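Below you'll find the structure, written out as C-alpha cells, and then a few comments.
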Number of protein chains: 2
Amino acid sequence: MYICIMYSSELIKGTLKTIVLKLLSETKEMYGYEITQKVKELTDSKIVITEGALYPLLHQLEAEGVVTTETVNIGKRIRKYYTLTQTGNERAKEKLYEFADFINTMNILLDLKPSVKYV
Amino acid sequence: MYICIMYSSELIKGTLKTIVLKLLSETKEMYGYEITQKVKELTDSKIVITEGALYPLLHQLEAEGVVTTETVNIGKRIRKYYTLTQTGNERAKEKLYEFADFINTMNILLDLKPSVKYV
DNA sequence: CAAATATACATAAGAAAATTATGTATATGC
DNA sequence: GCATATACATAATTTTCTTATGTATATTTG
C-alpha cells in the first residue's frame, strides 16, 4: 500500500507526483525501486510508495515529456533510470511551490502554526 | 469545483473531511452552504468546496454517527444544521493531529521548513 | 545449499473520492 | 423582472490509488 502505518490513504492522494518530482530534481538519475526505498527511509516508513502507484505514474510522466529513461543491465536484471527533462525541472519547481502554498493555506484554515516557507 | 484557482485538484483530495470536522469543532452548529462560504472566506477563495463533494460527505458523516442534524425552516426554505457528536469531536481531534503529523513528514521529505506544531 | 527475502520491473481489476452536470426551489438586489 | 445568491440533493464520469497478480534475478540466512 502507498501509505503503511501512519496516515489514512485519502490524505496522501495527489502528493505522489510532488514527491517523485522533488526527489528527481535532487538526484539527477533514479530508478523506481530506488525511489520507493528513499521515501521509506526519509519518512521513517511513514510513507511507503507501492509499485502499483509508482510505475504507472512514471510511465505517465515519460509520456508527458517530464522525464526521460535509460535502461541499464545489472547482471541479468534490468534497471530503468529516470531523469527530469528541462520541462520536468520547471514542473518540479511549480509542484513544490504549489504544495508549499497549499500547506500555508491549510495552516490558516486549520489554525496550525507556524507556516511553511518556500523560497 | 472543489478547488478553484490555485491548486491542482489532486493535491486537495482527502483534506475535505479534515476541513469540515475542524470547522464543526469550532462552531457548534453549521449548515452546508455556510461551510462552503466559510472555507472560501478563510482561504481567500483559494479553496472552494463544491456541493457535489460536500453534501455526500456530510451524509456519510451522519450515517457514521459523527454528526447529528437538525432541519430548520428559514422562511419557506430549509436549512440543515450539522453538529458534532462526542465521537465526532474525538474524530476531529484525530484528523487534525494526523494532518499536522503528515505535514511534518512532508516537510522533511520535501525539505520545506519550518515544521508545523500541533499541541 | 535450500528457502526466504530483497531487488526490479509491469499491469489489471476494483474502490474511493472528487469533478462535472443536472435538478429543484426560495430570497434578494438592481 | 432578471440575475444572482441561498440552500438543498443526486447521478454519471474521471482520477488516483489499493490490492492482487505476474515474471524474474540476487542475496542473505539458517
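Naming convention: chains lettered A, B, ... in sequence-line order (proteins, then strands); numbering from 1 in each chain. Everything numeric in this text was worked out from a predicted model, so none of it was measured.
Listed by residue number, the members of residues 72-81 of chain A with any heavy atom below 4.0 angstrom from DNA chain C are A:R77, A:I78, A:R79, A:K80. Of the residues in residues 54-70 of chain A, A:Y55, A:P56, A:H59 come within less than 4.0 Å of DNA chain C through at least one heavy atom, sorted by number.
A straight line from CD of B:E51 to C1' of D:dC8 spans 8 Å, rounded to a whole angstrom. Residue B:I35 contributes atom CD1, which lies 12 Å from atom P of D:dA9 at whole-angstrom precision. A:Q37 has its CD atom 8 Å from the C1' atom of C:dT7, to the nearest Å. Note: OH (B:Y33) to C1' (D:dA9) measures 16 Å, nearest angstrom. Across the protein-nucleic acid pair, A:E34 atom CD and C:dC9 atom C1' stand 15 Å apart, rounded to whole Å.
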Practice problem: Evaluate salt bridge (Lys or Arg N to Asp or Glu O under 4.0 Å) for A:K22 paired with A:E26, printing each intermediate quantity in order. | Solution: CA-CA 6 Å; A:K22 164 67 179 177; A:E26 276 182 338; 3.3 Å; yes

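A donor-acceptor pair is defined here as one N or O able to donate and one able to accept, closer than 3.5 Å; such a pair exists between the side chain of B:T85 and the backbone of B:G65. Between the side chain of B:S45 and the backbone N or O of B:E41 there is no donor-acceptor pair closer than 3.5 Å. A donor-acceptor pair is defined here as one N or O able to donate and one able to accept, closer than 3.5 Å; no such pair exists between the side chain of A:T27 and the backbone of A:L24.
What you find for A:L84 and A:A92 is that their closest heavy atoms are CD1-CB, 4.2 Å. Here the closest heavy-atom approach between residue A:L16 and residue A:I49 is recorded as CD1-CD1, 3.5 Å.
Residues B:E64 and B:Q60 have side chains that bring a donor and an acceptor to within less than 3.5 angstrom of each other.
Using a 4.0 Å heavy-atom cutoff across all strands shown, A:G52 reaches at least one base atom of the nucleic acid.
OP1 or OP2 of D:dA7 has at least one side-chain nitrogen or oxygen of B:Y31 nearer than 4.0 Å.
Salt-bridge formation is not detected for the pair A:E90/A:K93: no Lys NZ or Arg NE/NH1/NH2 atom is positioned less than 4.0 Å from an Asp or Glu carboxylate oxygen.
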